[in-house]
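Let me begin by presenting the structure, written as C-alpha coordinates, before commenting on it.
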Amino acid sequence: MNRTPFTRRALIAITALAGATALLTGCAGEGPGNANAKETTTLNIDFATYNPLSLVLKEKGWLEASLKDQGVAVNWVQSAGSNKANEALRAGAVDVGSTAGSAALLARANGSPIKTIAMYSQPEWSALVVGKDSPVKKVSDLKGKSVAATKGTDPYFFLLQALEQAGLGPEDVTVENLQHADGRAALANGSVDAWSGLDPIMAGAEEDGATLIYRNLDFNTYGALNATESFLDDSPEIAQAVVDSYEKAREWAGANQQETAAILADVAGLETPVAEKVILERSNLDVSAVPGNKLTDVLAIVGPIFVETHDVKDQALVDNALSTLIDDSFAKNADASKVKAS
(Lines give C-alpha, C1' and ligand atoms only; values in the text may rest on other atoms or scores of the structure.)
Protein backbone atom coordinates (compact mmCIF):
# COMPACT_ATOMS: atom_id res chain seq x y z
CA MET A 1 0.00 0.00 0.00
CA ASN A 2 2.95 2.31 0.49
CA ARG A 3 4.36 1.58 -2.96
CA THR A 4 2.34 4.16 -4.87
CA PRO A 5 3.07 7.18 -2.62
CA PHE A 6 6.77 6.21 -2.55
CA THR A 7 6.86 5.97 -6.33
CA ARG A 8 5.27 9.38 -6.69
CA ARG A 9 7.66 10.97 -4.22
CA ALA A 10 10.58 9.33 -5.98
CA LEU A 11 9.40 10.54 -9.36
CA ILE A 12 9.06 14.08 -8.06
CA ALA A 13 12.53 13.94 -6.56
CA ILE A 14 14.06 12.53 -9.74
CA THR A 15 12.34 15.16 -11.85
CA ALA A 16 13.58 17.94 -9.59
CA LEU A 17 17.11 16.54 -9.70
CA ALA A 18 17.02 16.32 -13.50
CA GLY A 19 15.81 19.91 -13.71
CA ALA A 20 18.58 21.10 -11.44
CA THR A 21 21.15 19.16 -13.43
CA ALA A 22 19.89 20.66 -16.68
CA LEU A 23 20.05 24.14 -15.17
CA LEU A 24 23.60 23.61 -14.01
CA THR A 25 24.56 22.16 -17.36
CA GLY A 26 23.02 25.16 -19.10
CA CYS A 27 25.01 27.52 -16.92
CA ALA A 28 28.16 25.56 -17.55
CA GLY A 29 27.50 25.80 -21.26
CA GLU A 30 27.93 29.54 -21.05
CA GLY A 31 31.58 29.16 -20.03
CA PRO A 32 34.59 27.69 -21.76
CA GLY A 33 34.49 24.48 -19.76
CA ASN A 34 31.53 22.93 -21.61
CA ALA A 35 32.76 19.77 -23.28
CA ASN A 36 29.98 20.00 -25.86
CA ALA A 37 30.84 23.52 -26.99
CA LYS A 38 32.35 23.78 -30.46
CA GLU A 39 35.41 25.89 -29.79
CA THR A 40 37.87 26.44 -32.62
CA THR A 41 41.41 26.37 -31.26
CA THR A 42 43.15 25.67 -34.57
CA LEU A 43 42.31 27.18 -37.93
CA ASN A 44 43.17 24.79 -40.75
CA ILE A 45 43.63 26.81 -43.93
CA ASP A 46 45.24 26.04 -47.25
CA PHE A 47 47.93 27.75 -49.27
CA ALA A 48 48.52 27.14 -52.96
CA THR A 49 50.90 28.35 -55.63
CA TYR A 50 47.88 29.23 -57.79
CA ASN A 51 46.71 31.57 -55.01
CA PRO A 52 49.47 34.19 -54.54
CA LEU A 53 47.62 35.95 -51.72
CA SER A 54 47.75 32.79 -49.63
CA LEU A 55 51.52 32.72 -50.05
CA VAL A 56 51.85 36.35 -48.98
CA LEU A 57 49.62 35.75 -45.97
CA LYS A 58 51.57 32.69 -44.90
CA GLU A 59 54.89 34.47 -45.36
CA LYS A 60 53.92 37.59 -43.42
CA GLY A 61 52.24 35.91 -40.44
CA TRP A 62 49.39 38.43 -40.28
CA LEU A 63 46.71 35.81 -39.74
CA GLU A 64 48.60 34.27 -36.83
CA ALA A 65 49.04 37.70 -35.25
CA SER A 66 45.36 38.54 -35.65
CA LEU A 67 44.15 35.28 -34.12
CA LYS A 68 46.65 35.08 -31.28
CA ASP A 69 44.46 37.06 -28.87
CA GLN A 70 41.61 34.61 -29.56
CA GLY A 71 43.83 31.70 -28.61
CA VAL A 72 43.62 30.27 -32.12
CA ALA A 73 46.61 28.63 -33.82
CA VAL A 74 46.96 28.53 -37.60
CA ASN A 75 47.78 25.31 -39.45
CA TRP A 76 48.71 25.77 -43.11
CA VAL A 77 47.96 22.89 -45.50
CA GLN A 78 49.18 22.98 -49.10
CA SER A 79 46.69 22.37 -51.93
CA ALA A 80 48.07 20.98 -55.20
CA GLY A 81 44.93 21.91 -57.14
CA SER A 82 41.29 22.94 -56.77
CA ASN A 83 40.26 19.29 -56.67
CA LYS A 84 42.60 18.64 -53.75
CA ALA A 85 41.36 21.72 -51.91
CA ASN A 86 37.79 20.52 -52.37
CA GLU A 87 38.71 17.08 -51.08
CA ALA A 88 40.26 18.64 -47.99
CA LEU A 89 37.20 20.84 -47.38
CA ARG A 90 34.82 17.92 -47.73
CA ALA A 91 36.90 15.76 -45.40
CA GLY A 92 37.18 18.53 -42.82
CA ALA A 93 40.96 18.63 -43.17
CA VAL A 94 40.77 22.37 -43.82
CA ASP A 95 38.23 24.96 -42.73
CA VAL A 96 39.10 27.39 -45.52
CA GLY A 97 40.39 26.40 -48.96
CA SER A 98 41.16 28.15 -52.25
CA THR A 99 39.85 26.90 -55.58
CA ALA A 100 38.74 28.14 -58.93
CA GLY A 101 35.16 29.37 -58.91
CA SER A 102 34.15 26.53 -61.24
CA ALA A 103 35.54 23.94 -58.84
CA ALA A 104 33.65 25.47 -55.92
CA LEU A 105 30.38 25.31 -57.87
CA LEU A 106 31.04 21.72 -58.92
CA ALA A 107 31.74 20.68 -55.34
CA ARG A 108 28.58 22.28 -53.97
CA ALA A 109 26.47 20.85 -56.80
CA ASN A 110 27.69 17.43 -55.72
CA GLY A 111 26.74 17.96 -52.11
CA SER A 112 29.82 19.48 -50.50
CA PRO A 113 28.63 21.94 -47.80
CA ILE A 114 30.88 24.86 -48.70
CA LYS A 115 30.37 28.56 -49.24
CA THR A 116 32.44 30.99 -51.28
CA ILE A 117 33.22 33.83 -48.89
CA ALA A 118 35.68 35.92 -50.95
CA MET A 119 37.48 36.19 -54.28
CA TYR A 120 41.26 36.32 -54.27
CA SER A 121 42.07 36.98 -57.93
CA GLN A 122 40.97 37.15 -61.53
CA PRO A 123 43.68 35.02 -63.09
CA GLU A 124 44.53 33.94 -66.57
CA TRP A 125 45.89 30.74 -65.12
CA SER A 126 44.71 28.23 -67.73
CA ALA A 127 45.67 27.70 -71.37
CA LEU A 128 46.26 24.85 -73.80
CA VAL A 129 49.92 23.90 -73.95
CA VAL A 130 51.95 21.77 -76.36
CA GLY A 131 55.58 20.76 -76.36
CA LYS A 132 58.39 22.28 -78.34
CA ASP A 133 58.14 21.55 -82.08
CA SER A 134 54.67 20.02 -81.69
CA PRO A 135 52.64 19.65 -84.91
CA VAL A 136 49.56 20.76 -82.93
CA LYS A 137 49.11 24.46 -83.70
CA LYS A 138 45.45 25.10 -82.92
CA VAL A 139 42.61 23.57 -80.93
CA SER A 140 41.09 21.74 -83.91
CA ASP A 141 44.40 19.90 -84.33
CA LEU A 142 43.69 18.10 -81.04
CA LYS A 143 41.10 15.80 -82.63
CA GLY A 144 42.19 12.24 -81.94
CA LYS A 145 44.96 13.42 -79.63
CA SER A 146 45.60 12.91 -75.92
CA VAL A 147 45.34 15.85 -73.54
CA ALA A 148 46.34 15.92 -69.88
CA ALA A 149 43.98 17.80 -67.56
CA THR A 150 43.01 17.69 -63.90
CA LYS A 151 39.30 16.94 -63.70
CA GLY A 152 37.31 19.18 -61.39
CA THR A 153 39.60 22.18 -61.95
CA ASP A 154 39.59 25.28 -64.14
CA PRO A 155 42.05 23.86 -66.71
CA TYR A 156 39.69 20.91 -67.29
CA PHE A 157 36.71 23.19 -67.87
CA PHE A 158 38.91 25.48 -69.95
CA LEU A 159 39.71 22.50 -72.19
CA LEU A 160 36.04 21.59 -72.62
CA GLN A 161 35.10 25.17 -73.55
CA ALA A 162 38.00 25.45 -75.98
CA LEU A 163 37.02 22.18 -77.66
CA GLU A 164 33.41 23.29 -77.98
CA GLN A 165 34.44 26.58 -79.55
CA ALA A 166 36.50 24.63 -82.10
CA GLY A 167 33.57 22.37 -82.96
CA LEU A 168 34.88 19.43 -80.96
CA GLY A 169 33.68 17.57 -77.89
CA PRO A 170 35.37 15.64 -75.07
CA GLU A 171 34.79 12.45 -77.06
CA ASP A 172 37.07 13.78 -79.80
CA VAL A 173 40.13 13.67 -77.53
CA THR A 174 41.52 11.33 -74.90
CA VAL A 175 41.59 13.17 -71.61
CA GLU A 176 44.29 11.91 -69.28
CA ASN A 177 43.21 12.82 -65.74
CA LEU A 178 46.51 13.88 -64.19
CA GLN A 179 47.32 16.30 -61.40
CA HIS A 180 48.73 19.58 -62.75
CA ALA A 181 52.42 18.86 -62.15
CA ASP A 182 52.02 15.35 -63.55
CA GLY A 183 50.37 16.81 -66.65
CA ARG A 184 53.37 19.00 -67.27
CA ALA A 185 55.69 15.99 -66.85
CA ALA A 186 53.58 13.91 -69.25
CA LEU A 187 53.78 16.66 -71.86
CA ALA A 188 57.53 16.96 -71.41
CA ASN A 189 58.15 13.23 -71.83
CA GLY A 190 55.77 12.86 -74.76
CA SER A 191 53.15 10.76 -72.97
CA VAL A 192 50.43 13.20 -74.08
CA ASP A 193 50.06 15.49 -77.08
CA ALA A 194 48.86 18.50 -75.12
CA TRP A 195 48.19 19.71 -71.61
CA SER A 196 45.55 22.03 -70.23
CA GLY A 197 47.93 23.85 -67.95
CA LEU A 198 47.80 25.82 -64.74
CA ASP A 199 50.09 28.62 -63.60
CA PRO A 200 52.65 28.86 -62.17
CA ILE A 201 53.53 25.36 -63.44
CA MET A 202 52.50 26.41 -66.94
CA ALA A 203 54.83 29.41 -66.94
CA GLY A 204 57.65 27.10 -65.91
CA ALA A 205 56.87 24.79 -68.83
CA GLU A 206 57.13 27.76 -71.21
CA GLU A 207 60.66 28.35 -69.99
CA ASP A 208 61.43 24.79 -71.10
CA GLY A 209 60.12 25.45 -74.60
CA ALA A 210 56.42 24.63 -74.27
CA THR A 211 54.00 26.79 -76.27
CA LEU A 212 50.55 28.10 -75.42
CA ILE A 213 48.40 27.40 -78.47
CA TYR A 214 45.15 28.77 -77.06
CA ARG A 215 44.41 31.45 -74.46
CA ASN A 216 41.08 32.96 -73.47
CA LEU A 217 40.66 35.00 -70.28
CA ASP A 218 36.88 34.58 -70.42
CA PHE A 219 37.25 30.82 -70.00
CA ASN A 220 39.09 31.28 -66.70
CA THR A 221 36.87 31.57 -63.62
CA TYR A 222 37.78 33.68 -60.62
CA GLY A 223 39.82 32.48 -57.67
CA ALA A 224 37.35 31.57 -54.92
CA LEU A 225 38.07 31.40 -51.19
CA ASN A 226 35.74 28.82 -49.69
CA ALA A 227 34.82 27.71 -46.19
CA THR A 228 32.80 24.86 -44.76
CA GLU A 229 29.34 25.79 -43.54
CA SER A 230 30.04 24.27 -40.12
CA PHE A 231 33.10 26.48 -39.71
CA LEU A 232 31.15 29.60 -40.67
CA ASP A 233 28.38 28.68 -38.23
CA ASP A 234 30.72 27.86 -35.35
CA SER A 235 33.46 30.47 -35.86
CA PRO A 236 32.22 33.54 -37.75
CA GLU A 237 34.73 35.81 -35.97
CA ILE A 238 37.63 33.67 -37.18
CA ALA A 239 36.18 33.59 -40.70
CA GLN A 240 36.03 37.38 -40.67
CA ALA A 241 39.65 37.55 -39.50
CA VAL A 242 40.62 35.35 -42.47
CA VAL A 243 38.90 37.62 -44.98
CA ASP A 244 40.30 40.74 -43.31
CA SER A 245 43.79 39.23 -43.55
CA TYR A 246 43.27 38.38 -47.21
CA GLU A 247 42.31 41.99 -47.83
CA LYS A 248 45.55 43.15 -46.22
CA ALA A 249 47.47 40.65 -48.36
CA ARG A 250 45.72 41.99 -51.48
CA GLU A 251 46.67 45.58 -50.65
CA TRP A 252 50.26 44.61 -49.92
CA ALA A 253 50.64 42.46 -53.03
CA GLY A 254 49.32 45.24 -55.23
CA ALA A 255 51.90 47.63 -53.86
CA ASN A 256 54.71 45.07 -53.83
CA GLN A 257 54.39 43.00 -56.98
CA GLN A 258 58.08 42.21 -57.31
CA GLU A 259 58.29 40.90 -53.76
CA THR A 260 55.06 38.94 -54.28
CA ALA A 261 56.71 37.30 -57.29
CA ALA A 262 59.78 36.54 -55.17
CA ILE A 263 57.59 34.81 -52.58
CA LEU A 264 55.93 32.76 -55.33
CA ALA A 265 59.31 31.85 -56.81
CA ASP A 266 60.57 30.64 -53.45
CA VAL A 267 57.51 28.52 -52.60
CA ALA A 268 57.01 27.08 -56.09
CA GLY A 269 60.70 26.59 -56.85
CA LEU A 270 60.57 28.85 -59.89
CA GLU A 271 63.10 31.13 -61.51
CA THR A 272 62.33 34.76 -60.74
CA PRO A 273 61.39 35.70 -64.37
CA VAL A 274 58.84 32.86 -64.43
CA ALA A 275 57.22 34.00 -61.19
CA GLU A 276 57.19 37.59 -62.43
CA LYS A 277 55.36 36.52 -65.58
CA VAL A 278 52.66 34.89 -63.44
CA ILE A 279 52.22 37.86 -61.10
CA LEU A 280 52.78 40.78 -63.46
CA GLU A 281 51.21 39.44 -66.65
CA ARG A 282 48.67 36.78 -65.75
CA SER A 283 47.31 37.60 -62.29
CA ASN A 284 44.83 40.38 -61.63
CA LEU A 285 44.87 40.66 -57.84
CA ASP A 286 43.16 44.06 -57.89
CA VAL A 287 39.63 42.71 -57.86
CA SER A 288 36.86 43.17 -55.33
CA ALA A 289 36.86 40.51 -52.65
CA VAL A 290 33.06 40.45 -52.75
CA PRO A 291 31.84 37.42 -54.73
CA GLY A 292 29.09 39.01 -56.79
CA ASN A 293 27.62 39.08 -60.27
CA LYS A 294 30.94 38.81 -62.10
CA LEU A 295 31.55 35.45 -60.48
CA THR A 296 28.01 34.12 -60.80
CA ASP A 297 27.78 35.21 -64.45
CA VAL A 298 30.81 33.17 -65.48
CA LEU A 299 29.70 30.22 -63.34
CA ALA A 300 26.30 30.27 -65.04
CA ILE A 301 28.12 29.64 -68.31
CA VAL A 302 30.29 26.85 -66.92
CA GLY A 303 27.51 25.13 -64.94
CA PRO A 304 25.73 23.36 -67.83
CA ILE A 305 29.04 21.78 -68.84
CA PHE A 306 28.96 19.81 -65.58
CA VAL A 307 25.74 18.15 -66.68
CA GLU A 308 26.86 17.55 -70.26
CA THR A 309 29.99 15.77 -69.04
CA HIS A 310 28.05 13.85 -66.35
CA ASP A 311 30.04 15.48 -63.55
CA VAL A 312 26.70 16.52 -62.02
CA LYS A 313 23.47 14.55 -62.29
CA ASP A 314 21.17 17.31 -63.53
CA GLN A 315 20.89 21.05 -64.08
CA ALA A 316 18.62 21.52 -61.07
CA LEU A 317 21.52 20.58 -58.80
CA VAL A 318 23.75 23.10 -60.56
CA ASP A 319 21.13 25.85 -60.34
CA ASN A 320 20.56 25.21 -56.64
CA ALA A 321 24.29 25.20 -55.98
CA LEU A 322 24.74 28.49 -57.83
CA SER A 323 21.94 30.14 -55.86
CA THR A 324 23.34 28.98 -52.50
CA LEU A 325 27.10 29.00 -53.05
CA ILE A 326 27.92 32.57 -52.07
CA ASP A 327 28.06 34.16 -48.64
CA ASP A 328 29.26 37.69 -49.30
CA SER A 329 28.78 39.02 -45.76
CA PHE A 330 32.41 38.54 -44.73
CA ALA A 331 33.87 40.17 -47.84
CA LYS A 332 31.47 43.11 -47.58
CA ASN A 333 32.73 43.72 -44.06
CA ALA A 334 36.41 43.14 -44.86
CA ASP A 335 38.70 45.62 -43.11
CA ALA A 336 42.45 45.30 -43.60
CA SER A 337 43.08 47.87 -40.86
CA LYS A 338 41.93 45.35 -38.24
CA VAL A 339 44.81 43.02 -39.10
CA LYS A 340 47.68 43.11 -36.62
CA ALA A 341 51.29 43.24 -37.68
CA SER A 342 53.25 40.06 -37.07
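Remember, it's a predicted structure, so these values are computed and weren't measured experimentally.
Panel note: side chain N220, backbone N216; a donor-acceptor pair is recorded below 3.5 Å. In terms of modelled atom types and a separation under 3.5 Å, the side chain of S196 and the main chain of P155 share a donor-acceptor contact. Side-chain atoms of Q240 never come within 3.5 Å of backbone atoms of P236 as a donor-acceptor pair (strictly under, hydrogens ignored). D46 places a side-chain N or O within donor-acceptor distance of the main-chain N or O of S98, the cut-off being under 3.5 Å. Counting only distance, with no hydrogens or angles, the side chain of D182 and the backbone of L178 share no donor-acceptor pair below 3.5 Å. In this structure, the side chain of K115 engages the main chain of T324 through a donor-acceptor pair within 3.5 Å. Under the 3.5 Å distance criterion, the side-chain polar atoms of S102 are left unmatched by any main-chain donor or acceptor of T221. Between the side chain of S283 and the backbone N or O of L285, no donor-acceptor pair lies under 3.5 Å. Of the possible polar contacts, none joining the S66 side chain to the L63 backbone as a donor-acceptor pair under 3.5 Å is found. Although no hydrogens or angles enter the test, the distance criterion places no donor-acceptor pair under 3.5 Å between the side chain of D208 and the main chain of A205.
To the nearest 0.5 Å, the span separating CG on N226 from CZ on F231 amounts to 12.5 Å. To the nearest 0.5 Å, atoms NZ (K340) and NZ (K338) are separated by 13.0 Å. The OG1 atom of T260 lies 11.0 Å from the CD atom of E276; values are rounded to the nearest 0.5 Å. The line from CG of D218 to CZ of F158 is 10.0 Å long, rounded to the nearest 0.5 Å. Here the straight-line distance linking atom NZ of K145 with atom OG of S134 works out to 7.5 Å at 0.5 Å rounding. To the nearest 0.5 Å, atoms OH (Y50) and OG (S126) are separated by 11.5 Å.
Pairing each heavy atom of A48 with each of S79, the nearest pair is CB-O, 3.6 Å. Residues P291 and A331 approach most closely at CD-CB, 4.0 Å, considering heavy atoms. The nearest pair of heavy atoms linking P304 to A300 is CD-O, 3.2 Å. The two atoms that bring V243 and A118 nearest to each other are CG1-CB, 4.3 Å, heavy atoms only. Scanning both residues, T99 and W125, for their nearest heavy atoms gives O-CH2, 4.3 Å. Closest non-hydrogen pair, A268 versus T49, comes out as CB-CG2, 3.8 Å.
The aromatic rings of Y246 and Y120 are tilted relative to each other, their planes meeting at an angle between 30° and 60°. Using a 30° and 60° split on the angle between ring planes, F219 and Y214 fall in the tilted class, from 30° to 60°.
Contact check for P123 versus D199: no side-chain heavy atoms found under the 4.5 Å cut-off. Using a 4.5 Å heavy-atom threshold, the side chains of Q165 and V139 count as separate. A heavy-atom distance below 4.5 Å is not found between the side chains of V56 and R250. Within the 4.5 Å cutoff, no side-chain heavy atoms of L57 are placed close to those of V242. The closest side-chain heavy-atom distance from L160 to P170 is below 4.5 Å. No side-chain heavy atom of W195 sits under 4.5 Å from any side-chain heavy atom of E176. Side-chain contact check for W76 versus E64: some heavy-atom pair is nearer than 4.5 Å. With contacts defined as side-chain heavy-atom distances shorter than 4.5 Å, the pair F306/N110 does not qualify.
Checking D95 against T228 by side-chain atom types alone, no donor-acceptor pair falls below 3.5 Å. Between the side chains of T153 and N83, not a single donor N or O lies within less than 3.5 Å of an accepting N or O. Side-chain contact annotation: D154 with S82, donor-acceptor N/O pair under 3.5 Å absent.
With salt bridges taken as basic N to acidic carboxylate O contacts below 4.0 Å, none links E281 and R215. Residues E259 and K60 are paired through a salt bridge, judged by an N-O separation under 4.0 Å between the basic side chain and the carboxylate. A salt bridge does not link K248 to E251: none of the charged nitrogens lies less than 4.0 Å from a carboxylate oxygen. Salt-bridge check for R90 with E87: failed, with every basic side-chain N at 4.0 Å or more from each acidic carboxylate O.
Hydrophobic clustering of Ile, Leu, Val, Met, Phe, Trp and Tyr side chains at less than 4.5 Å, counting indirect connections, keeps I326 apart from I117. Note on V278 and L198: same hydrophobic cluster, where clusters join Ile, Leu, Val, Met, Phe, Trp and Tyr whose side-chain heavy atoms are under 4.5 Å apart, directly or indirectly. L163 and L187 are assigned to two separate hydrophobic clusters, defined by single-linkage of ILVMFWY side chains at heavy-atom distances under 4.5 Å. Under a hydrophobic clustering in which Ile, Leu, Val, Met, Phe, Trp and Tyr are joined whenever their side-chain heavy atoms come within less than 4.5 Å, directly or via other members, L232 and M119 fall into different clusters. Residue F330 is not grouped with residue L295 when hydrophobic side chains (ILVMFWY) are merged at heavy-atom distances under 4.5 angstrom, including chains of intermediate members.
A 6.0 Å sphere centred on CD of Q70 holds more than 12 heavy atoms belonging to other residues, nucleotides or ligands. Heavy atoms of other residues, nucleotides or ligands lying less than 6.0 angstrom from NZ of K294 number 12 at most. Other residues, nucleotides and ligands contribute over 12 non-hydrogen atoms within 6.0 Å of the CG atom of N75. K332 NZ: 12 or fewer foreign heavy atoms inside a 6.0 Å radius. E271 CD: 12 or fewer foreign heavy atoms inside a 6.0 Å radius.
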* Working for side chain to side chain contact (heavy atoms under 4.5 Å, CB included), residues D172 and L142 -> CA-CA 8 Å; D172 292 312; L142 291 174; over 6 Å; no
* To do: Give the C-alpha distance, both sets of side-chain angles, the deciding distance and a yes or no for side chain to side chain contact (heavy atoms under 4.5 Å, CB included) between F157 and L106.
  => CA-CA 11 Å; F157 300 118; L106 177 63; 3.8 Å; yes
* Asked: Is there a side chain to side chain contact (heavy atoms under 4.5 Å, CB included) between D193 and V147 once you walk through the steps?
  -> CA-CA 6 Å; D193 299 299; V147 186; 6.0 Å; no
* Go through the steps to decide whether L299 and L325 satisfy the test side chain to side chain contact (heavy atoms under 4.5 Å, CB included), and finish with yes or no. => CA-CA 11 Å; L299 294 184; L325 175 65; 3.9 Å; yes
